[in-house]
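Residue numbers begin at 1 in each chain, while the letters A, B, ... track the order of the sequences.
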Amino acid sequence: MEIVYLTFILMLAIFLGFELINKVPATLHTPLMSGANAISGITVVGAIASAGSGSGDAANILGAIAVALATINVVGGYWVTDRMLAMFKKKGS
Amino acid sequence: MEIVYLTFILMLAIFLGFELINKVPATLHTPLMSGANAISGITVVGAIASAGSGSGDAANILGAIAVALATINVVGGYWVTDRMLAMFKKKGS
Amino acid sequence: MTLDLALNMIYVVSAGLFIYGLKLLGSPATARRGNAISAVAMLIAIIVALLDQSVVDYRWIIGGVIIGTIIGGLAARLIAMTSMPEMVALFNGSGGTASLLVGWAALSTHNDTFSVVTIFLSILIGGVTCSGSLIAYLKLSEKMSGKPIIFSGQRIVNSILVLAILVCGVMLTIDPSNLNYLYAVIALSVLFGVMAVIPIGGADMPVVISLLNSYSGLAACAAGFAVNNNILIVAGSLVGASGMILTNIMCKAMNRSLVNVLFSGFGAVSTETTKVEGEIKPISVEDAFYILEAATNVVIVPGYGMAVAQAQHAVKELQLLLEKNDAEVNYGIHPVAGRMPGHMNVLLAEADVPYDQLIEMEEINPRMDSVDVAIVIGANDVVNPAAREVESSPIYGMPVINVDQARTVFVLKRSMASGFAGIENPLFYKDNTRMLFGDAKESISGLVREFG
Amino acid sequence: MTLDLALNMIYVVSAGLFIYGLKLLGSPATARRGNAISAVAMLIAIIVALLDQSVVDYRWIIGGVIIGTIIGGLAARLIAMTSMPEMVALFNGSGGTASLLVGWAALSTHNDTFSVVTIFLSILIGGVTCSGSLIAYLKLSEKMSGKPIIFSGQRIVNSILVLAILVCGVMLTIDPSNLNYLYAVIALSVLFGVMAVIPIGGADMPVVISLLNSYSGLAACAAGFAVNNNILIVAGSLVGASGMILTNIMCKAMNRSLVNVLFSGFGAVSTETTKVEGEIKPISVEDAFYILEAATNVVIVPGYGMAVAQAQHAVKELQLLLEKNDAEVNYGIHPVAGRMPGHMNVLLAEADVPYDQLIEMEEINPRMDSVDVAIVIGANDVVNPAAREVESSPIYGMPVINVDQARTVFVLKRSMASGFAGIENPLFYKDNTRMLFGDAKESISGLVREFG
Amino acid sequence: MQITIPKETHSGEDRVPIVPAVAKKLVHMGAKLMVESGMGLGCGYSDEDYSRVGAEITGDRQAALASADIVLRIRKPDITEVNQLKSGCIHISYLDPFNESELIAAFKQHGVTAISMEMIPRITRSQKMDALSSQASLAGYVAVLLAALRLPSIFPMMMTPAGTLKPAKVFIIGAGVAGLQAIATAKRLGAKVTAFDTRPVVAEQVHSLGAKFLEIDLGETGQTADGYAKELTPEQVQMQREAQKKFIADSDVVITTAQVFGRKPPVLVTKDMVEGMQHGSVIVDMAAETGGNVEGSVPNETVIVNGVNIIGQANLPNEVCRDASLMYSNNLFSLVEDNWDTEQKHFNLDLNDDVLTGCVITHKGEIVNTTIKNLKG
Amino acid sequence: MQITIPKETHSGEDRVPIVPAVAKKLVHMGAKLMVESGMGLGCGYSDEDYSRVGAEITGDRQAALASADIVLRIRKPDITEVNQLKSGCIHISYLDPFNESELIAAFKQHGVTAISMEMIPRITRSQKMDALSSQASLAGYVAVLLAALRLPSIFPMMMTPAGTLKPAKVFIIGAGVAGLQAIATAKRLGAKVTAFDTRPVVAEQVHSLGAKFLEIDLGETGQTADGYAKELTPEQVQMQREAQKKFIADSDVVITTAQVFGRKPPVLVTKDMVEGMQHGSVIVDMAAETGGNVEGSVPNETVIVNGVNIIGQANLPNEVCRDASLMYSNNLFSLVEDNWDTEQKHFNLDLNDDVLTGCVITHKGEIVNTTIKNLKG
Ligand SMILES: NC(=O)c1ccc[n+]([C@@H]2O[C@H](COP(=O)([O-])OP(=O)(O)OC[C@H]3O[C@@H](n4cnc5c(N)ncnc54)[C@H](OP(=O)(O)O)[C@@H]3O)[C@@H](O)[C@H]2O)c1
Ligand SMILES: NC(=O)c1ccc[n+]([C@@H]2O[C@H](COP(=O)([O-])OP(=O)(O)OC[C@H]3O[C@@H](n4cnc5c(N)ncnc54)[C@H](OP(=O)(O)O)[C@@H]3O)[C@@H](O)[C@H]2O)c1
Ligand SMILES: NC(=O)c1ccc[n+]([C@@H]2O[C@H](COP(=O)([O-])OP(=O)(O)OC[C@H]3O[C@@H](n4cnc5c(N)ncnc54)[C@H](O)[C@@H]3O)[C@@H](O)[C@H]2O)c1
Ligand SMILES: NC(=O)c1ccc[n+]([C@@H]2O[C@H](COP(=O)([O-])OP(=O)(O)OC[C@H]3O[C@@H](n4cnc5c(N)ncnc54)[C@H](O)[C@@H]3O)[C@@H](O)[C@H]2O)c1
């Protein structure tokens with residue numbers, strides 16, 4: 001039955017994604033892309049489980065690498081986005 | 001864990017409900033209310049389970065009454081909504 | 001894949017269709033199709049429910065469906081167009097009642113704490129929806145007086161009621177097998193629905209119905225938690241959330257807050273103090289839009305501020321949009337508006353406003369009380385009711401445009417500053433006045449954009 | 001409530017914050033706050049993940065986090081503003097790779113069919129994202145030629161590749177323990193990412209990155225299915241869906257279709273046939289808006305149709321909105337536009353268009369190739385390139401406004417009907433021309449509303 | 001009460017003090033209306049037009065004046081005619097009280113209550129009686145038409161196959177009632193309009209008509225409570241001239257409306273500025289009659305100096321006499337109506353009334369208006 | 001080639017055939033420009049203005065004409081002056097070829113190539129040479145100004161404390177080039193404008209200026225290939241008159257521009273219609289010079305019939321002579337430039353050219369224009 005719930009969640013999230021990004025001004029395309037990209041670093045959550053299994057096997061190491069990579073995505077992504085948006089503000093005011 | 005999924009679903013559905021009914025013209029308020037009301041007749045699905053349990057006990061009868069009431073809501077709701085909207089069309093064209 | 005899994009996947013499809021249908025319902029061009037799609041989704045959901053393994057005996061179901069279809073169908077077909085709102089109230093009531101019954105029925109099979117809590121909620125909300133909708137129906141169809149019913153001590157009674165419901169709810173959760181608590185909850189919920197709606201005036205019933213509609217969605221949602229059914233949760237919460245938003249929008253269009261609607265009856269008793277000067281009520285462009293959107297008779301009163309803001313073209317655009325929205329739009333031109341004779345004429349002619357929509361003060365004033373919204377654009381002295389009301393005012397006796405007699409007045413200006421004559425304007429403090437602060441052109445362009 | 005339940009409930013909160021953050025990111029005023037909220041959501045999610053019972057050994061995690069934070073932080077801080085897009089590509093690649101690895105790691109513990117399928121998907125999508133993003137980075141930073149790389153037989157190679165991936169996927173599902181299939185899938189996915197991006201030109205890379213970004217969301221979502229984690233599914237699918245929409249919007253702003261972007265490179269090889277007359281490409285108001293929204297230099301060329309539609313006021317409104325959006329707007333006035341000398345002047349003066357924005361034909365023509373969008377409003381003969389190109393044309397030799405030299409041309413008219421001179425207009429068939437059919441005033445009001 | 005309306009005698013005056021539509025309202029109010037035969041002809045109103053609405057037509061001007069309780073007219077009367085009025089009669093017209101001391105004396109002597117339309121105070125309530133404003137507004141319109149017809153080129157911009165015609169540049173000095181209307185009219189015709197005024201509040205009003213305002217820093221300037229400009233110091237006038245010089249040379253049309261209430265208007269455009277203008281340019285001096293803003297302007301004539309046309313035509317509202325008469329009639333009517341006792345059907349002269357305090361010059365053999373009295377002292 | 005530009009001799013003609021800016025372009029093209037002294041004075045252009053751009057100034061008109069390869073002027077020449085031209089000279093001006101058979105004969109006889117500006121065909125390419133259009137457009141503007149100044153009320157609506165002034169009702173008959181410009185100008189000034197024309201395509205053009213079109217069903221009407229109106233049958237003229245009658249009576253201003261190319265204009269406003277109008281109303285008969293659309297109109301005079309002003313002023317573009325000259329100069333220049341051989345620096349007369357086929361009347365002692373030839377036959 002889990003799969004049912006998951007599918008429900010998937011469907012709702014997709015609908016919501018469509019509704020949210022409705023009419024975004026062109027100037028926001030790049031920051032938005034970058035911001036969304038940072039969110040996709042959520043995979044770090046999955047990686048943590050593997051990396052923290054303590055098993056010390058290949059999966060564990062793969063997990064650790066995944067954590068590192070995903071963290072790059074997360075940290076870099078949010079930071080870059082913020083820098084872009086900060087630049088924006090200045091232009092506006 | 002089910003409750004987690006259900007909560008997820010609840011949250012997403014509420015967000016979606018908010019996003020969908022964003023800027024509805026005043027003329028559509030009544031039909032929209034009526035249409036949404038018809039959807040709330042979905043409780044018929046819950047009622048069917050009780051009514052079809054075959055147990056013949058109180059719950060079964062309650063279920064049957066619930067089916068009848070919910071059906072009224074569904075059938076009447078969609079129909080009335082459609083009548084309202086049909087009237088609209090004529091006015092528009 | 002098991003049958004169960006397959007059926008549940010179909011529920012996902014059905015939920016998707018509900019969402020899509022609701023989206024289409026929000027725009028005039030697609031509303032009818034949206035309703036149809038939502039009906040298909042409902043049909044699918046019902047069929048899936050019928051195929052469920054736990055359903056073994058179809059007799060009761062068929063009986064219920066047939067009875068429901070006949071009653072619902074007849075009601076929908078035979079009802080006059082004008083009494084649709086009360087019909088919707090009745091349908092809504094039956095939906096709420098159904099949720100109550102589903103919860104009730106579920107109690108016999110589900111009695112872990114979580115389930116009982118959700119069952120309690122579905123009964124409570126269902127009960128309130130049931131009786132509340134009934135009262136709304138009675139008020140709307142004038143089978144009952146539309147006036148707010150108020151008695152002293154009403155608040156106390158209501159408080160006690162809420163308390164009692166909570167107590168019974170807790171007891172029920174602790175001991176789900178004691179049916180007395182169940183019956184008490186049912187009875188109290190129904191009573192509470194009655195108490196909640198009687199103090200509200202008949203004119204506000206559409207908002208109440210919308211609110212109850214949202215509740216019935218929540219009731220279905222609670223029932224869904226109780227019987228562990230996704231489609232109930234999704235569809236129910238969709239209706240709950242969108243109904244809430246819709247209620248809010250409807251309140252805005254009436255220029256009221258939801259709290260104000262729900263407790264206006266009580267207010268009628270308490271505020272017997274003499275009215276002081278009133279307060280300034282700013283309004284946002286968005287809220288102003290909702291009110292304009294619902295108006296059918298609009299008068300625009302331009303003044304010097306429109307000239308300063310050079311807003312005439314935007315005003316014309318707004319006029320066209322309002323007219324497209326089936327409102328009648330006129331301009332009330334005061335002879336001394338602006339800073340030179342014919343100032344407004346020059347500007348409005350530039351924006352190509354037809355001459356016959358420019359109405360002289362003497363002509364527009366008698367019609368003012370049938371006006372839904374008067375939009376005062378950068379005018380001040382020429383709409384100052386002090387000229388009529390305040391004998392000591394330096395402009396006492398000057399004829400002005402009586403915008404304050406319109407149902408709602410929007411005043412578009414940048415601040416509370418006074419106009420040419422340098423005097424205070426009591427208009428800004430009136431109950432039916434809303435100040436839309438900002439440069440007139442910006443504000444109007446904002447309204448124009450909202451109409452998009 | 002168990003700890004697990006509590007943690008999962010916090011995931012719900014985190015997901016809600018992601019949604020809210022993404023919503024705020026869509027509007028300039030709130031974008032920065034939105035990004036911050038989304039970052040908070042991420043932090044919450046990570047903390048919850050760390051608290052999970054299955055996490056017993058924090059050393060690897062801490063190592064990974066530290067390394068990742070240092071690299072990511074340095075990259076984000078040190079990078080020049082101008083090279084942000086390629087940085088985003090790199091970040092995106094690392095996200096994709098992480099998903100690939102998560103899938104890979106999950107394979108050791110999950111090997112029921114459903115899990116393996118989702119693992120396969122997460123590896124495939126993650127791999128494509130990984131290498132695709134890398135190529136995009138190389139192209140953008142000009143470490144690699146921005147030109148499309150095309151060789152004969154490319155299609156065949158790609159087809160074989162896809163087939164091979166599918167076969168290996170199926171084999172992996174059947175026998176998850178055979179790691180050779182796994183390695184094959186990984187290798188082929190990475191290769192496929194390279195093959196998919198090399199034939200696309202450097203100028204189209206932003207769209208590609210956006211698309212890959214959407215993929216990396218989907219990869220996370222697939223990984224979520226694989227390791228059975230809700231927050232991954234919700235956040236991943238949010239990113240997937242919104243990324244897809246964003247990609248689409250970006251394509252529209254470039255007046256291209258996604259298919260056209262992805263396969264333009266291939267097209268360059270195949271269409272060597274002589275160009276025929278071309279075809280009519282209608283455009284919707286919405287799509288036209290996206291293009292205008294991205295334009296910084298717009299020329300409006302009005303003609304008799306603007307007069308017929310009495311669209312001058314709407315045109316002025318559009319001009320103001322474009323200017324607010326930081327575009328430079330000019331009017332190109334042809335001396336015989338309309339039906340009397342000075343026809344356009346009369347109308348535009350009525351709408352209060354400043355005289356110095358009215359540019360004579362001789363002056364506007366030399367600047368035309370730096371114009372992003374030329375909006376032809378109900379003009380026909382005066383923009384007919386046949387006057388330049390077709391010697392046999394009755395208007396050959398008449399000077400016209402060379403709108404066809406602008407990057408994009410919108411022609412607003414009601415039909416394909418000819419103008420005063422009664423001759424065909426080859427402009428309508430040009431590659432860079434889009435026909436916005438309908439009454440000019442309606443079309444422009446539509447655009448104005450889109451800007452809201 | 002008998003209201004007498006004599007025919008205007010000033011040559012070239014086509015306006016009439018009361019149009020038939022307003023005559024009807026006066027009759028309706030209960031007044032006995034005595035109209036001199038031919039009074040309305042300037043605007044094409046015949047005697048029948050008046051008799052039809054209930055007025056009495058008389059050929060005997062002298063008798064009609066002698067028996068009048070109220071006299072309504074446009075221009076100031078001959079002194080001889082004042083002598084014919086009976087004591088207690090209320091005489092309402094333009095009077096030019098700052099300059100016509102003899103006339104005022106005659107009124108005083110005969111116990112006539114003289115109301116000067118120039119002196120209607122500019123408070124909100126009396127705007128409907130303000131003839132200076134109503135006529136100035138029309139004058140502004142006419143001034144632009146005169147200039148447009150004189151100018152050898154057109155006002156609007158025109159991009160045509162036979163070349164692009166540039167819009168005319170119009171410069172308006174003094175943006176009071178007349179000036180604002182001139183701005184509006186010139187803008188309508190498509191000219192590029194710039195204006196200047198010494199009162200700083202006016203800049204916003206000029207912008208509100210979509211025209212440009214020429215910024216000149218003259219230091220302290222200001223306006224009276226009634227909104228009239230204060231007189232400039234000689235240095236300020238000099239500064240203004242300097243600043244405007246280049247601008248005027250560049251203009252196709254200059255319209256001057258600068259007045260200082262009760263004083264001679266300032267000379268703002270000097271001979272050398274006129275000569276700096278292009279051949280064929282046009283100057284309209286709306287203050288020509290009272291002394292002129294333009295050096296060399298001649299009242300009621302158009303002189304050509306160095307190819308530049310200087311129009312000094314006075315009484316511009318007369319060019320649109322029908323509307324001018326309608327507005328003036330309404331001004332008079334509002335004044336009478338505001339003070340009319342509907343019971344007694346007579347004019348109720350309450351000197352404590354703000355408006356009357358301002359505009360009644362003589363009453364019961366006294367000069368009651370403080371401004372005018374001080375002038376004399 | 002020598003281009004001679006004699007001074008216009010027609011009294012009251014201020015326009016000049018070539019303004020200095022255009023003279024410069026001609027000189028630049030390689031022509032030898034011979035300008036009669038004083039030629040530009042009507043518009044305020046001195047001889048120096050021309051000599052500065054490279055033209056030769058001469059006091060000897062006769063010699064300048066005799067030696068000319070090309071003569072550019074506005075009005076048709078005296079026959080005596082045609083006799084002075086040398087054979088092969090190209091003479092470009094208005095010629096009125098439908099009526100001036102003697103003049104044409106003189107051209108023919110002297111072997112002069114006469115080009116008639118009226119006969120420039122109305123094809124897209126020749127719009128820049130189309131002097132009828134350029135001048136008609138200005139005439140439409142002037143006509144409205146004349147009417148506005150004549151009318152005793154103002155054009156725009158004004159809601160003022162002294163009453164509301166209604167907008168003037170303007171009716172324009174014939175919405176060709178002049179009519180459309182008149183519509184635009186009257187609309188600008190704020191009038192309520194209605195127009196009528198027999199050509200059905202015009203309704204849309206009138207609407208495109210925001211004015212109303214009076215719908216009259218006349219049955220079959222139409223236009224020529226050049227866009228000129230076809231002549232109506234007498235019955236149709238009668239129908240039109242009937243339908244317009246009430247409308248005219250209700251109008252404050254009527255402007256008639258109805259022409260039928262090469263024919264006498266139709267009489268559309270008869271005496272009784274004029275008399276039906278209100279006192280003070282204004283009619284501008286733009287066709288007065290060629291016969292008139294209005295019964296009782298007198299060329300170059302303003303007559304008052306029953307209180308209604310009928311303006312018959314001819315040569316309206318002359319009122320804005322500077323712009324009119326500029327446009328006419330550009331028209332002439334475009335015509336010359338289009339046929340100029342830049343190598344040889346001379347006028348290349350190619351009678352197969354569409355434009356020249358239409359407007360060259362005589363060439364090498366022959367009447368080459370078919371329309372005019374047929375007229376004679
Ligand atoms: N018509 C005439 O001939 C004439 C001549 C002279 C004087 N007057 C006098 O002028 C007055 C005319 O009355 P009125 O109601 O038209 O004007 P008003 O009383 O002067 O009020 C104008 C209002 O517009 C607002 N405003 C100014 N700029 C604005 C902008 N950009 N956006 C929005 N609001 C703006 C101002 O408030 P904020 O500053 O708060 O925005 C001000 O209160 C009368 O008192 C009349 O007697 C008339
Ligand atoms: N300026 C002058 O003095 C003058 C005088 C006479 C003739 N002309 C001639 O007129 C022409 C002027 O060229 P132009 O480009 O301005 O006009 P045009 O070539 O006549 O084309 C006008 C176009 O506008 C479109 N249109 C009409 N109504 C419309 C509406 N409501 N909404 C949108 N489109 C509408 C028509 O197409 P659809 O029907 O498909 O919508 C038509 O193709 C030239 O050939 C010129 O020679 C000029
Ligand atoms: N009660 C009312 O509400 C009311 C009624 C009518 C007029 N007014 C106000 O009174 C003001 C003046 O009215 P008016 O037009 O009769 O004034 P006016 O005829 O006396 O003067 C005309 C204009 O010339 C200006 N001026 C004077 N000296 C000048 C100089 N040296 N250079 C440039 N300009 C100079 C004045 O400032 C004025 O604007 C108007 O602005 C109007 O707003 C108010
Ligand atoms: N090549 C070109 O593109 C070009 C150039 C100039 C003009 N034109 C067209 O030619 C048309 C006519 O030009 P014009 O103004 O020189 O014409 P015109 O001066 O010959 O006539 C003026 C107008 O009077 C109208 N008219 C004739 N008889 C009438 C009657 N009985 N009642 C009412 N109206 C009557 C005509 O239809 C015309 O519109 C214009 O519409 C214009 O569009 C085309």
Quick one: what part of C:Ser108 sits under 4.5 Å from any heavy atom of chain B, side chain, backbone, both or neither?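 Side chain of C:Ser108 only, per the 4.5 Å heavy-atom cut-off to chain B.
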
Counting only heavy atoms closer than 4.5 Å, note whether C:Arg77 contacts chain B via side chain, backbone, both or neither.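 Backbone plus side chain of C:Arg77, per the 4.5 Å heavy-atom cut-off to chain B.
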
Say you draw a straight line from [atom1] of [X] to [atom2] of [Y]; how long is it, rounded to the nearest 0.5 Å?
| X | Y | atom1 | atom2 | answer |
| --- | --- | --- | --- | --- |
| B:Ile9 | C:Ile233 | CD1 | CD1 | 6.0 Å |
| B:Asn37 | C:Phe91 | CG | CZ | 8.5 Å |
| C:Asn35 | B:Met84 | CG | CE | 9.5 Å |

Hey, which of B:Ser50, B:Gly46, B:Ala70, B:Gly35 has the most heavy atom pairs under 4.5 Å with chain C?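 Looking at each option in turn, the highest pair count goes to B:Gly46.
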
Should C:Leu25 and B:Leu85 count as side-chain neighbours, where that means a heavy-atom distance under 4.5 Å?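 Of all side-chain heavy-atom pairs linking B:Leu85 with C:Leu25, at least one is under 4.5 Å.
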
Is there a side-chain contact between C:Trp60 and B:Val67 (heavy atoms, below 4.5 Å)?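 Result no, sub-4.5 Å side-chain heavy-atom pair not found.
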
C:Thr69 and B:Thr71: side chain to side chain donor-acceptor pair (under 3.5 Å), yes or no, with the steps? CA-CA 6 Å; C:Thr69 306; B:Thr71 308; 5.5 Å; no

Under 3.5 Å donor-acceptor, B:Tyr78 side chain and C:Met42 backbone: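 Looks like no, no N/O pair under 3.5 Å.
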
Heavy-atom proximity to chain C below 4.5 Å, by part of [X]:
| X | result |
| --- | --- |
| B:Val74 | side chain |
| B:Ala58 | neither |
| B:Thr81 | both |

Based on non-hydrogen pairs under 4.5 Å, which of C:Ile79, C:Val227, C:Thr97 is most in contact with chain B?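 Of the candidates given, the most pairs with chain B belong to C:Ile79.
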
